[in-house]
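Written out below as structure tokens is the structure these notes cover.
Both ligands and their constituent atoms are indexed starting at 1 by order of listing.
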Amino acid sequence: MCAVAAREVALEPNVRKWLDNPCRMLIDGQWVTSESGKTFDVFNPATDTVIAQAQAADKTDVNKAVKAARRAFDDGPWTKMSPAERGRIVWKIGDLIMEYQEELAQLESLDNGKPISIARAADVPLASELFQYMAGWATKLNGDQIGITVPYAPGAEWHAYTRREPVGVCGQIIPWNFPLLMAAWKLGPALACGNTVVMKLAEETPLSGLKLAEIMQEAGVPDGVVNIITGFGEEAGAPIAAHPMVDKIAFTGSTEVGRLIVDAAKGNLKKVSLELGGKSPNIVLADADLEKTIPGAANAIFFNHGQCCAAGSRLFVHESVYDQVVEGVADFARNIKLGPGLDPETQMGPLVSRTQFDRVTGFLESGKSQGARAAVGGERGDGDGYFVKPTVLVDVKDDMEVYQEEIFGPVVTASKFSDLDEELIKRANDTVFGLASGIWTQDIGKAHRLAAKIRAGTVWVNCYNIFDAALPFGGYKQSGWGREMGEQVLNNYTECKAVTVSL
Ligand code: ADP
């Protein structure tokens with residue numbers, strides 16, 4: 001049982017259900033335990049205590065799930081359904097997410113540590129929107145009629161067209177930073193396009209994804225179409241990525257594991273899409289409106305405790321406003337209220353796990369030892385949970401680890417620049433990543449010029465962390481392959497077939 005402090009929201013009775021009994025997995029429409037009987041502990045990161053048990057799937061369970069997804073794709077009613085019918089089911093998932101919004105928000109906050117206010121305002125409604133945006137695509141997966149010449153068949157007449165068809169069985173492996181939303185990003189388009197799925201949830205945060213599995217059943221997703229398993233990366237994730245009956249693998253997580261996914265996918269050359277790390281530049285020009293820029297730059301890094309692949313973790317500020325911006329962001333950080341996610345007043349919760357806590361505090365130590373200085377934060381927060389104070393590092397050199405590597409915590413490096421064209425663009429792009437970026441300026445010409453020069457999949461101008469189901473998201477360079485969301489994601493989940501008819 002999970003102890004809840006007085007100020008924290010009272011848990012919904014349905015939330016208790018996930019905590020009080022070992023959680024099962026959804027395979028072929030059945031709620032099952034792992035074949036091995038093994039389970040693992042799920043932690044509350046705010047208290048470092050065990051709150052639930054989840055099934056530790058391995059290769060045998062993955063095999064069962066893949067076979068179910070294969071059968072559902074090859075024989076099942078799902079692929080024979082009309083696009084409108086499929087679209088209605090995907091839409092209904094979005095409706096039901098909102099019907100169960102409080103249960104989902106509480107599970108998310110408890111399991112991941114994020115503030116309940118954020119889970120309610122962002123994670124849950126964004127997940128719902130995603131399904132409903134994708135539901136619309138189910139009826140719009142059109143091909144083209146193509147006029148062809150065929151020079152070696154003079155005089156012949158042709159009717160040629162393309163069809164967009166589902167890829168087949170999709171393996172999907174997701175991380176813990178937005179557990180429900182990451183599941184939605186992957187399941188929404190896969191289902192709208194008529195695929196079947198085996199998804200592995202992150203071992204740190206399995207709860208909301210299991211609730212989503214229940215919701216999908218209630219929405220009418222047929223047995224075997226979506227199989228949701230829980231377990232660890234090597235035991236349960238790797239067998240999905242390597243499985244010969246899986247046609248496509250979609251992964252979100254670290255760049256390091258992304259490489260392992262590519263290796264594992266080689267066997268049957270399954271299609272691969274990857275959404276990986278980032279070290280995104282957030283750039284403040286001399287003419288920026290600082291009243292908006294300072295909280296904007298702070299939220300760019302501190303939102304979700306910096307556990308965002310798109311986090312604005314390298315802040316570049318023009319020398320003329322550097323001191324003002326750094327002091328402003330540090331002041332903002334000082335006033336952030338740290339606490340357990342379930343306290344409605346909490347603005348920043350704990351990091352997700354002890355591993356993540358050790359990693360982030362390790363970076364703080366390495367930064368200090370290499371000569372960086374914390375203008376604010378730089379140490380762990382109070383209590384037994386995995387709290388780290390929001391941190392602004394100054395006196396940072398471009399070759400330091402804290403500047404080069406993805407920290408995935410509430411830690412921003414602040415650097416000064418003087419020249420936009422000769423200096424800043426080179427430094428902003430001098431990273432192996434290319435996921436996101438921010439620009440703060442009142443000069444619209446400079447904003448567009450800079451936006452074109454940054455080598456990243458997303459550029460936010462005078463805003464940051466703006467996500468929408470209709471906007472494609474993904475990375476240049478080592479930040480990934482392919483795009484999620486928007487119309488672009490349909491390329492990940494459909495094959496294009498050319499049909500040529502001799503008339
Ligand atoms: P993080 O470092 O942020 O925890 P990871 O990339 O390690 O991110 O994990 C993201 C997801 O990838 C999780 O669901 C994890 O279980 C899974 N995973 C980890 N290692 C592997 C692997 N070798 N093969 C497949 N999936 C993996």
Side-chain angles (χ1 to χ4, degrees), residues 25 34 38 40-43 45 54-59 61-62 65-66 111-114 170-183 185-187 197-210 212 227-243 246 248-267 270 272-279 304-311 313 350-360 362-363 386 388 405-411 433 435 475 478-481 484:
M25 315 183 276
S34 64
K38 284 189 191 149
F40 63 91
D41 292 338
V42 181
F43 284 81
Q55 304 299 317
D58 64 20
K59 205 173 169 178
D61 307 288
V62 167
V66 171
D111 201 4
N112 165 282
K114 68 178 68 203
C170 300
Q172 303 187 321
I173 298 175
I174 61 165
W176 46 259
N177 57 344
F178 295 90
L180 177 69
L181 189 57
M182 291 300 101
W185 279 20
K186 295 214 178 337
L187 289 163
V197 176
V198 176
M199 170 174 278
K200 190 194 85 66
L201 306 171
E203 55 270 39
E204 294 84 354
T205 53
L207 301 181
S208 61
L210 292 174
L212 180 62
N227 305 275
I228 305 281
I229 66 168
T230 49
F232 294 92
E234 277 179 34
E235 291 80 14
I240 301 177
H243 206 291
V246 171
K248 185 231 158 31
I249 180 88
F251 170 76
T252 297
S254 60
T255 296
E256 189 190 344
V257 175
R259 285 199 184 88
L260 297 177
I261 298 286
V262 172
D263 281 342
K266 271 191 319 214
K270 55 176 67 68
V272 181
S273 56
L274 303 169
E275 207 256 274
L276 307 175
K279 190 75 181 174
N304 212 42
H305 327 160
Q307 299 170 137
C308 300
C309 43
S313 50
L351 301 186
V352 73
S353 64
R354 176 154 299 284
T355 309
Q356 193 56 18
F357 173 85
D358 290 343
R359 182 182 152 82
V360 173
F363 270 114
Y386 317 132
V388 173
E405 289 186 33
E406 183 177 43
I407 297 176
F408 225 66
V411 182
F433 298 112
L435 194 56
Q478 293 182 33
S479 288
W481 291 351
E484 303 218 73

Passes side chain to side chain contact (heavy atoms under 4.5 Å, CB included), S273 versus K248? Steps please. CA-CA 8 Å; S273 56; K248 185 231 158 31; 2.8 Å; yes
If you apply the rule side chain to side chain contact (heavy atoms under 4.5 Å, CB included), what do you find for C309 with F408, and how did you get there? CA-CA 7 Å; C309 43; F408 225 66; 4.3 Å; yes
Chi angles and distances behind the side chain to side chain contact (heavy atoms under 4.5 Å, CB included) call for T205, L180: CA-CA 9 Å; T205 53; L180 177 69; over 6 Å; no
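When atom types are taken as modelled, the side chain of K200 and the backbone of A57 share no donor-acceptor pair closer than 3.5 angstrom.
Between K186 and E484 there is a salt bridge, with a side-chain nitrogen of the basic residue lying less than 4.0 Å from a carboxylate oxygen of the acidic one.
Separation of the F251 and W481 ring centroids does not fall under the 6.0 Å cut-off.
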Atom pairs and distances, ligand 1 N/O vs protein N/O under 3.5 Å:
{"from": "ligand 1", "atom 1": "3 (O)", "to": "W176", "atom 2": "NE1", "distance (Å)": "3.3"}
{"from": "ligand 1", "atom 1": "4 (O)", "to": "W176", "atom 2": "NE1", "distance (Å)": "2.9"}
{"from": "ligand 1", "atom 1": "6 (O)", "to": "S254", "atom 2": "N", "distance (Å)": "2.8"}
{"from": "ligand 1", "atom 1": "6 (O)", "to": "S254", "atom 2": "OG", "distance (Å)": "2.7"}
{"from": "ligand 1", "atom 1": "14 (O)", "to": "I174", "atom 2": "O", "distance (Å)": "2.8"}
{"from": "ligand 1", "atom 1": "14 (O)", "to": "K200", "atom 2": "NZ", "distance (Å)": "3.1"}
{"from": "ligand 1", "atom 1": "16 (O)", "to": "K200", "atom 2": "NZ", "distance (Å)": "2.8"}
{"from": "ligand 1", "atom 1": "16 (O)", "to": "E203", "atom 2": "OE1", "distance (Å)": "2.6"}
{"from": "ligand 1", "atom 1": "16 (O)", "to": "E203", "atom 2": "OE2", "distance (Å)": "3.4"}
{"from": "ligand 1", "atom 1": "16 (O)", "to": "G233", "atom 2": "N", "distance (Å)": "3.3"}
{"from": "ligand 1", "atom 1": "24 (N)", "to": "A238", "atom 2": "N", "distance (Å)": "3.4"}

